[in-house]
Number of protein chains: 2
Amino acid sequence: MKLEGPLADRSAWETGEHCSISRAMRIVGTRSAMLLLREAYYGTTRFDDFAQRVGITEAVASARLKELVEAGLLAKSPYREPGQRTRYEYVLTDMGRDLLPAVLALMQWGDKYLHDDGGPLQLVEDATSAPVRVQIRSEDGTEVGLDDLRVRINRHGKRDAPKPSAS
Amino acid sequence: MKLEGPLADRSAWETGEHCSISRAMRIVGTRSAMLLLREAYYGTTRFDDFAQRVGITEAVASARLKELVEAGLLAKSPYREPGQRTRYEYVLTDMGRDLLPAVLALMQWGDKYLHDDGGPLQLVEDATSAPVRVQIRSEDGTEVGLDDLRVRINRHGKRDAPKPSAS
DNA sequence: CCGTATCCACAACGATACTG
DNA sequence: CAGTATCGTTGTGGATACGG
């Protein structure tokens, strides 16, 4: 990975809490949070199911679930089956759904290096049954590796579109 | 995400430590480990640089670096500048490099949801300056989302390549 | 430069028990 | 079914001081 100009000496940018990785890890940087999200991706919505299928105590499930709701990855929404009292379910928000690549990348890595047999589960595209992989791609469609990457300072206000014109 | 047959009721597979996400989080599930890896991707190799640029104490850097070496993501290799005594540098192994998608996915997510301005840094393909994104793709090249995925039990012994035929 | 050793605070998690 | 409360253990990390 190459660092552009002022990044190289590190004097220009904060090493601290500005980093997105650092912020992300403050929110989902626990085993239980990641596993709860995994379960949410699998379709789980109920408290007890979360605790049981993840294999954590209710106390931990309660704390972590609450944090994930507060952070905005899950939403607690009421629903009512006919004749029953109101219950709540935990549903993924867009923010939660968008973490899927990170969770899958972790799983893919663990499958490869932390198992002898490629891991217990396999992910495929539903329609075609083709195996699925998390990868890094540039906008023009080519897959890029660590050595093909360059890091630049993001000029405030835009997420993409470098806008070289003004200044 | 759809769960295939026996997975649906969860009775068949361990919810515990078999899960690759769980195993992965045991190793790299700390803020400091992830940030050290980020630095390694940026090209950092020296102890002091790691500690300083990540913004953690030497004690923490020492502990975490040692774990990453033991786990196999980094290798501590000796080198000698002429006339100097032998020093050590921490270099990424294939195992460490292969975690890049996970780290980048986390960064990408943090850029989007944990900043107002798309985050402090931008990643581009070096050759073309095209923005880069982590995504989930099936083997036939299409990008797939959460609802397009199916999970199946991995029949032991194969990591990828279902081998439908030769080529 | 490249670390290790201590001490301390607090977060993460399991176990267990208890409420509506 | 959906949680909260409490306890004890270990992990994470900052501060500081020290050794090769």
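Reminder, nothing fancy here: chain letters follow the sequence lines and each chain counts from 1.
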task = Compare side-chain N and O positions of A:Tyr79 against OP1 and OP2 of D:dC1 and report whether any pair is under 4.0 Å apart.
result = no
ask   = Whole-Å distance between C:dC2 P and B:Arg53 CZ?
value = 11 Å
ask   = Expressed in angstrom and rounded to an integer, what is the separation of B:Lys66 atom NZ from D:dG11 atom C1'?
value = 16 Å
ask   = In whole angstrom, what separates B:Tyr88's OH from D:dG20's P?
value = 16 Å
query = What is the nucleic acid contact for B:Phe50, judged by heavy atoms within less than 4.0 Å: base, sugar-phosphate only, or nothing?
reply = nothing
query = To the nearest Å, how far apart are A:Leu68 CG and C:dA12 C1'?
reply = 14 Å
Interface with DNA chain D, restricted to residues 26-33 of chain A and to heavy atoms under 4.0 Å = none
query = Quick one: CD on B:Gln108 to CD1 on A:Ile136, what's the gap to the nearest 0.5 Å?
reply = 9.5 Å
Value in whole Å for how far the C1' atom of C:dC2 lies from CG of B:Asp49 = 11 Å
ask   = Can you say whether the rings of B:Phe47 and B:Tyr90 are parallel (under 30°), tilted (30 to 60°) or perpendicular (over 60°)?
value = tilted
query = Salt bridge or not for A:Glu4 and A:Arg150, using N-O below 4.0 Å?
reply = yes
request  = Run the salt-bridge test on A:Arg53 and A:Asp48 with the 4.0 Å N-O cut-off and return the result as yes or no.
outcome  = no
key: Secondary structure of DNA chain D in dot-bracket form (Watson-Crick or G-U wobble, distances below 3.5 Å, | marking inter-strand pairs)   = ||||||||||||||||||.|
key: Separation between the C1' atoms of C:dC2 and D:dA17, rounded to whole Å   = 15 Å
message = Whether A:Arg133 and A:Glu143 form a salt bridge (side-chain N of Lys/Arg under 4.0 Å from carboxylate O of Asp/Glu) is what I want to check.
response = yes
query = If you find the nucleotide of DNA chain D closest to B:Glu67 and the one closest to A:Tyr90, which residue's nucleotide is nearer the 5' end?
reply = A:Tyr90
message = Under a 3.5 Å cutoff, is there a donor and acceptor pairing between the side chains of B:Thr44 and B:Asp49?
response = no
note = To the nearest angstrom, the CD1-C1' distance between B:Ile56 and D:dG11 comes to 15 Å
message = Any carboxylate oxygen within less than 4.0 angstrom of a Lys/Arg side-chain nitrogen, looking at B:Glu17 and A:Arg31?
response = yes
key: Protein-to-nucleotide contact annotation, 5' to 3' order, nucleotides 15-20 of chain C [B base; S sugar-phosphate only; - none; under 4.0 Å, heavy atom]   = B----B
query = Rounded to the nearest Å, what distance is computed from the CZ atom of residue A:Phe47 to the C1' atom of nucleotide D:dC1?
reply = 10 Å
ask   = Salt bridge check: are A:Arg23 and B:Asp111 linked by an N-O gap of less than 4.0 Å?
value = no
key: Distance (rounded to the nearest 0.5 Å) between A:Ser20 OG and B:Arg38 CZ   = 10.0 Å
Shortest non-hydrogen separation from B:Trp109 to A:Met95 and the atoms involved = NE1-O, 2.8 Å
message = Rounded to whole Å, how long is the line connecting atom CZ of A:Arg64 with atom C1' of D:dA2?
response = 18 Å
key: Rounded distance (nearest 0.5 Å) linking atom NZ of B:Lys2 with atom CG of B:Leu146   = 10.0 Å
query = Only one of B:Leu65, B:Thr45, B:Val91 forms a side-chain contact (heavy atoms from CB on, under 4.5 Å) with B:Leu74, so which one is it?
reply = B:Leu65
